[in-house]
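Throughout, numbering of the chain's residues begins at 1 and tracks the sequence. These figures come from a predicted structure and were not determined experimentally.
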Amino acid sequence: MELKFSAIPENEAFARMVVSAFLVQANPTLSIVSEVRTAVSEAVTNAIVHAYEETSGYVMLRAWIDENDIRLEIEDQGKGIENIEQAMQPFYTSHPEQERTGMGFALMQSFMDHVRVQSSLGNGTIVFMQKRLHENDE
């Protein structure tokens, strides 16, 4: 699946709904759906809040179901992340003046089996995530 949408706050809920509908074909548990939805929500929110700031842009959501895993990519063409290691620390935010609890990477990592971030200043960011869909499968 590949979906491109405007980086506006209303589309964060839209991305959650789309991922939920996409997951149905794999017959996951409700807790797996909830965890994947939350991780996608955090990644999309980052693109909306941090990537574009004063400009407009798009978010690209890609998803694949392979055997027992879902793989996701959330991509923006925004300003990029200068220090990925720092950004992935719990409670780190690029907007400390706002009442935010961080960029959500720690939350994504707690819900997904694998999270990797690729970013280039001025060229955007891609968040790669993967999760096993059935806990008893290897």
If you round to the nearest 0.5 Å, how far is [atom2] of [Y] from [atom1] of [X]?
| X | Y | atom1 | atom2 | value |
| --- | --- | --- | --- | --- |
| Gln118 | Ile84 | CD | CD1 | 8.0 Å |
| Asp76 | Ile81 | CG | CD1 | 8.0 Å |
| Asn123 | Lys79 | CG | NZ | 14.0 Å |
| Arg62 | Lys4 | CZ | NZ | 10.0 Å |
| Met1 | Ile70 | CE | CD1 | 7.0 Å |
| Gln25 | Ile65 | CD | CD1 | 4.0 Å |

| Going through the distances and angles, do Phe5 and Val18 end up as a side-chain contact (heavy atoms from CB on, under 4.5 Å)? | CA-CA 12 Å; Phe5 53 91; Val18 168; over 6 Å; no
Sub-4.5 Å side-chain heavy-atom contact between [X] and [Y]:
| X | Y | result |
| --- | --- | --- |
| Val127 | Asn46 | no |
| His50 | Thr125 | no |
| Glu73 | Met60 | no |
| Val36 | Met129 | no |
| Phe111 | Lys131 | no |
| Phe14 | Leu3 | yes |
| Gln77 | Tyr52 | yes |
| Asn11 | Val59 | no |

| Atom of Gly124, atom of Ser119 and distance for their closest heavy-atom approach |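 The answer is O-OG, 3.2 Å.
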| Which atom names give the shortest non-hydrogen contact between Ile48 and Pro9, and what distance separates them? |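 Where Ile48 meets Pro9 most closely, the heavy atoms are CG2-N, 3.8 Å.
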Short question: side chain of [X], backbone of [Y] - any donor-acceptor pair under 3.5 Å?
| X | Y | answer |
| --- | --- | --- |
| Thr38 | Ser34 | yes |
| Ser20 | Arg16 | yes |
| Ser110 | Leu107 | yes |

Please say whether more than 12 non-hydrogen atoms of neighbouring residues, nucleotides or ligands are located less than 6.0 Å from [atom1] in [X].
| X | atom1 | result |
| --- | --- | --- |
| Tyr58 | OH | no |
| Leu121 | CG | yes |
| Glu67 | CD | no |

Test of understanding: clusters of I, L, V, M, F, W, Y form through side-chain heavy atoms closer than 4.5 Å, transitively. Do [X] and [Y] belong to the same one?
| X | Y | value |
| --- | --- | --- |
| Phe22 | Trp64 | no |
| Leu30 | Val24 | no |
| Ile126 | Leu61 | no |
| Val33 | Met112 | yes |

| field | Trace of the side-chain contact (heavy atoms from CB on, under 4.5 Å) decision for Asp113 with Gln130 | value | CA-CA 6 Å; Asp113 297 323; Gln130 185 173 349; 5.5 Å; no
